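We name chains A, B, ... by the order of the sequence lines, and we start the count at 1 in each one. Just so it is clear, the structure is predicted and the values come from calculations on it, not from any experiment.
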There are 2 protein chains.
Amino acid sequence: MSGWEDIRAEVLRRIRMRVWPLGAAIPGEEELAVEFGCARATVNRALRDLASKGVLERRRKAGTRVVAIPVRKATLDIPVIRQQVEALGRRHSHRVLVQDMRQPPGAIRDQTGLSERLLYLETLHLADGRPFVFEMRWLNPAVLPPLPDFAEISANEWLVTSVTYATGEIAFAAEGAGTAEAAAMGVAMGVALFVTERVTRDAEGVAITHVRLAHAPGYRLRTVM
Amino acid sequence: MSGWEDIRAEVLRRIRMRVWPLGAAIPGEEELAVEFGCARATVNRALRDLASKGVLERRRKAGTRVVAIPVRKATLDIPVIRQQVEALGRRHSHRVLVQDMRQPPGAIRDQTGLSERLLYLETLHLADGRPFVFEMRWLNPAVLPPLPDFAEISANEWLVTSVTYATGEIAFAAEGAGTAEAAAMGVAMGVALFVTERVTRDAEGVAITHVRLAHAPGYRLRTVM
DNA sequence: CAGTGGTCTAGACCACTCG
DNA sequence: GAGTGGTCTAGACCACTGG
């Protein structure tokens, strides 16, 4: 027993076996380093990892304790739509249905903090020619480089390469298909669609884009714990 | 400039400014440590963090390069339902609607790898007395401690404290309300519901439980990037 | 096989925060 | 104020893998 992953495993074992009960404090790093016969940095690495996964809670001076009611954390991959399609072994294409400048509605203004006129795009993404995702996007030209021809490269893909590593919020929901979605995706109104909504911001917190993706019926977002 | 977070910020800046273009290799840790005037371990920490977020790709011998088409990673919190409800400032309660031993249907057998008879539970979770989540759960008694009275403590909550830090898979989808869900939640058939499906496994990979949570209309799963 | 990242060590200082 | 985790350093060895 010496690597930090071994130490993490031993700590987990003690939690499972109730050697360290839920909600209880565990020994300090120094003490564990002595017991495990390793450097404190190694213990630190193991405990920090478990804290990042919601198993432990750590505070200076207060020490480390096992979380009483764990809030598990899972990691999601947010790929570009073209990659999603190609990962399924299908061919991606897209069609721009709407592109103009317009005033954002109230809901978009609230989420982005932008009230000026924005570029609005409706794009249908296809997998092997069949509807895959219906995208409704608002772009803030004020904080973007010169825009390309979105018939050539989808806004979805252009943004990840032109705006590297921005921050923002994501939300997932289930919604019945609206008029535009039903028409574009060839489904009945009200059919349950998986919807992803995202606001992307630059380093100063100014909104770059707001996008709403409605996925075709049957779509599942997966991950492991 | 000296902490690992400062170094991470500087690396990100260079990527955004295209000093290091998308897809290109960046200097080795040794070289960067000299340039930044810090220890190699500090550079390592910064680069490892960016790799875990999908910005960099690292391989021994091959070195570190900027990912050409970034796959952003987001972290989700998976709380216990009672915590979710209470975080909204509402009061949680639950009702067990069905509890018996039965043969799992094909879909559950495929996902869990279990074909023997399992304990089946249908539970309705309420927030301030109104339907919040409809839970359909399969439990494998063979790998569980003695079961409690699920009218007292919901299976959802009992499991997180009795089966600490298990692994498994999660999937999210949008589905129209089925017969059981429509009746239990008081909504019309076919209404779009946000559905969470989870398989939990013990250390040996044996399925402990399969659960399907149908959230009441309006539910949104949120996170930040 | 050799270069690069992955990890460990022993020691040190610091920042936060509980009491 | 003092105890605990957070981080940094300088050096070392190791594991993986590309050429």
Side-chain angles (χ1 to χ4, degrees), chain A residues 1-15 19-68 70-71 73 75 165, chain B residues 1-15 19-68 70-71 73 75 165:
Chain A
M1 154 127 51
S2 59
W4 70 271
E5 289 181 294
D6 296 318
I7 291 178
R8 177 181 62 182
E10 171 62 15
V11 170
L12 267 178
R13 193 190 65 77
R14 292 189 185 184
I15 294 172
V19 179
W20 294 333
L22 297 188
I26 75 174
E29 296 187 348
E30 192 82 43
E31 185 175 340
L32 289 175
V34 173
E35 182 195 337
F36 293 140
C38 67
R40 182 168 77 92
T42 307
V43 174
N44 180 278
R45 177 91 185 260
L47 299 187
R48 239 184 328 106
D49 183 79
L50 289 174
S52 78
K53 295 189 169 130
V55 177
L56 298 176
E57 190 178 30
R58 322 193 72 202
R59 283 203 316 281
R60 285 161 154 114
K61 168 74 178 185
T64 301
R65 60 180 54 247
V66 184
V67 170
V71 174
K73 291 172 198 311
T75 302
Y165 200 71
Chain B
M1 153 128 49
S2 58
W4 70 272
E5 290 181 294
D6 297 317
I7 291 178
R8 177 180 62 181
E10 170 62 14
V11 169
L12 268 179
R13 194 191 63 78
R14 293 189 186 184
I15 294 171
V19 179
W20 294 333
L22 297 189
I26 76 173
E29 296 186 348
E30 192 82 42
E31 185 176 340
L32 290 175
V34 172
E35 181 194 336
F36 293 140
C38 67
R40 182 168 78 93
T42 306
V43 174
N44 180 279
R45 178 91 184 261
L47 299 187
R48 240 184 329 107
D49 182 81
L50 288 174
S52 79
K53 295 193 170 128
V55 177
L56 296 176
E57 190 178 27
R58 322 192 71 199
R59 283 202 317 280
R60 287 162 154 113
K61 169 73 178 185
T64 300
R65 61 179 53 246
V66 183
V67 170
V71 174
K73 292 171 199 311
T75 302
Y165 200 70

**Prompt:** Who passes side chain to side chain contact (heavy atoms under 4.5 Å, CB included) against V66(A), sequence neighbours left out?
**Reply:** I15(A), W20(A), L22(A), I26(A), L56(A)
**Fill in**
With sequence neighbours left out, the residues meeting side chain to side chain contact (heavy atoms under 4.5 Å, CB included) with K61(A) are none
**Message:** Could you report the tightest heavy-atom contact between P70(A) and A68(A), atom names first, then the distance?
**Reply:** CD-O, 3.5 Å
**Request:** Tell me which of N44(A) and A39(B) sits closer to the 5' end of DNA chain D, going by the nucleotide each one is nearest to.
**Result:** N44(A)
Taking N or O atoms only and anything under 3.5 Å, show me the protein contacts with nucleotides 15-19 of chain D, one pair per line.
{"unit_1": "dA15(D)", "atom_1": "N3", "unit_2": "R60(B)", "atom_2": "NE", "d": "3.0"}
{"unit_1": "dG18(D)", "atom_1": "OP1", "unit_2": "R59(B)", "atom_2": "NE", "d": "3.1"}

**Complete:** Sorted by chain and residue number, the side chain to side chain contact (heavy atoms under 4.5 Å, CB included) partners of V34(B) (sequence neighbours excluded) come out as none
**Asked** What are the two closest non-hydrogen atoms of V43(B) and C38(B), and how far apart are they?
**Response** CG2-SG, 3.7 Å
**Asked** For E29(A), what residues pass the side-chain hydrogen bond (donor to acceptor under 3.5 Å, both in side chains) criterion, not counting sequence neighbours?
**Response** R40(A), N44(A), R58(A)
**Request:** For W4(A) and for R40(A), find the nucleotide of DNA chain C with the closest heavy atom, then tell me which residue's nucleotide is more 5'.
**Result:** W4(A)
**Request:** Taking only heavy atoms on the protein side, list every residue of residues 47-55 of chain A lying under 4.0 Å from any atom of DNA chain C, sorted numerically.
**Result:** none
**Item:** First-last contacting nucleotides on DNA chain C - partner chain A, under 4.0 angstrom, heavy atom
**Value:** dT7(C) to dC18(C)
**Item:** Residues that R14(B) engages under salt bridge (Lys or Arg N to Asp or Glu O under 4.0 Å), provided they are two or more places apart
**Value:** E10(B), E35(B)
**Set of residues satisfying side chain to side chain contact (heavy atoms under 4.5 Å, CB included) with respect to R8(B), sequence neighbours excluded** = W4(B), E5(B), A46(B), D49(B), L50(B), K53(B)
**Asked** When rounded to the nearest 0.5 angstrom, what is the spacing between CG in L12(A) and CD1 in I7(A)?
**Response** 12.5 Å
**Item:** Verdict with supporting geometry, L32(A) and L47(A), side-chain contact (heavy atoms from CB on, under 4.5 Å)
**Value:** CA-CA 11 Å; L32(A) 289 175; L47(A) 299 187; 4.2 Å; yes
**Request:** Please tell me which of A41(A) and T64(A) maps to the more 5' nucleotide of DNA chain D, matching each residue to the nucleotide holding its nearest heavy atom.
**Result:** T64(A)
